[in-house]
Amino acid sequence: AQSVAQPEDQVNVAEGNPLTVKCTYSVSGNPYLFWYVQYPNRGLQFLLKYITGDNLVKGSYGFEAEFNKSQTSFHLKKPSALVSDSALYFCAVRPWMDSSYKLIFGSGTRLLVRP
Amino acid sequence: NAGVTQTPKFQVLKTGQSMTLQCAQDMNHEYMSWYRQDPGMGLRLIHYSVGAGITDQGEVPNGYNVSRSTTEDFPLRLLSAAPSQTSVYFCASKRGSGGADTQYFGPGTRLTVL
């Protein structure tokens with residue numbers, strides 16, 4: 001079965017420290033990978049995506065993600081966290097040959113950045 | 001450019017009532033979709049449309065209907081609401097048939113069925 005796992009329900013980090021939000025996936029074929037962020041009572045905002053090419057993808061608000069094919073992972077990173085980064089983060093994968101173009105989402109990771 | 005808009009923001013229904021959740025986009029996107037978000041489960045695809053006049057079922061279509069008469073609008077109808085349909089509903093759109101295209105989400109509708 002195709003799936004996305006976000007193993008941490010919550011990640012706590014101090015402002016100014018680096019952060020990592022983990023994501024692993026299980027799909028057949030070559031996936032397209034996405035990260036979205038959701039602020040309270042808001043919709044999902046697109047952060048970045050991996051399609052092909054360089055394994056390190058840079059996105060909005062200073063976030064980046066590293067694609068690792070052998071470990072089937074797509075971890076989200078930021079060198080220096082801000083309090084305003086506190087939100088719910090979703091990893092998603094689109095199976096390459098899925099004609100519905102559906103995104104398979106992980107269960108989400110809540111990031112809490114303390115001052 | 002408003003992006004993807006949804007109405008209403010909040011709705012409370014009684015079991016058995018019907019209603020329509022509205023979704024519109026002004027980006028001339030061909031593809032539109034509806035997801036529901038439940039605690040601890042991420043988002044799951046309900047229905048999708050690859051263009052006006054074309055709709056298809058996603059992972060969890062039971063109890064929902066859709067239609068796509070225009071490129072801009074993609075309403076989701078609950079035929080007879082059930083407590084299991086209590087959820088947050090998100091509409092999304094993307095440019096076309098490219099698998100790598102980014103999907104853009106609306107602000108969501110929080111629905112409670114009593």
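Chain naming here is simple, since letters A, B, ... match the order of the sequence lines and numbering starts at 1 in each.
In this structure, chain B has no heavy atom under 4.5 Å from any part of Q45(A). At a 4.5 Å heavy-atom cutoff, Y50(A) makes no contact with chain B through either its backbone or its side chain. Interface remark: L103(A) contributes backbone and side-chain atoms alike to the contact with chain B (heavy atom separation under 4.5 Å). Only the side chain of I51(A) has a heavy atom closer than 4.5 Å to any heavy atom of chain B. If you measure heavy-atom distances from Q6(B) to chain A, you find no contacts under 4.5 Å at all. Contacts between L43(B) and chain A at a heavy-atom distance below 4.5 Å involve backbone atoms as well as side-chain atoms. Of the atoms belonging to Q57(B), not a single heavy atom falls under 4.5 Å from chain A. At a 4.5 Å heavy-atom cutoff, R44(B) makes no contact with chain A through either its backbone or its side chain.
In the hydrophobic cluster analysis, where Ile, Leu, Val, Met, Phe, Trp and Tyr join through side-chain heavy atoms closer than 4.5 angstrom, Y61(A) is grouped together with V21(A). Connection of F90(B) to L78(B) is not established within any shared hydrophobic cluster, with ILVMFWY side chains joined at heavy-atom distances below 4.5 Å, either directly or through further cluster members. Hydrophobic clustering places L33(A) together with Y89(A) (ILVMFWY residues linked when any side-chain heavy atoms are closer than 4.5 Å, directly or through intermediates). Following chains of ILVMFWY side-chain contacts shorter than 4.5 Å, one cannot reach W35(A) starting from M41(B), and the two form parts of different hydrophobic clusters. A single hydrophobic cluster is not seen to contain both Y35(B) and V60(B); linkage of ILVMFWY side chains at heavy-atom distances under 4.5 Å, directly or through other members, places them apart.
Among the candidates L44(A), T52(A), I104(A), the residue making the largest number of heavy-atom pairs closer than 4.5 Å to chain B is L44(A).
R77(B) CZ: more than 12 foreign heavy atoms inside a 6.0 Å radius.
Summarising the geometry of Q103(B) relative to Y36(A), their closest heavy-atom pair is O-OH, 2.7 Å, with the distance given to 0.1 Å. Between S107(A) and G40(B) the shortest heavy-atom distance is CB-O, 3.3 Å.
A centroid separation of less than 6.0 Å is found between the aromatic rings of Y31(B) and Y101(A).
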From CA spacing to verdict: side chain to side chain donor-acceptor pair (under 3.5 Å), T102(B), K49(A): CA-CA 8 Å; T102(B) 299; K49(A) 65 183 177 183; 3.1 Å; yes
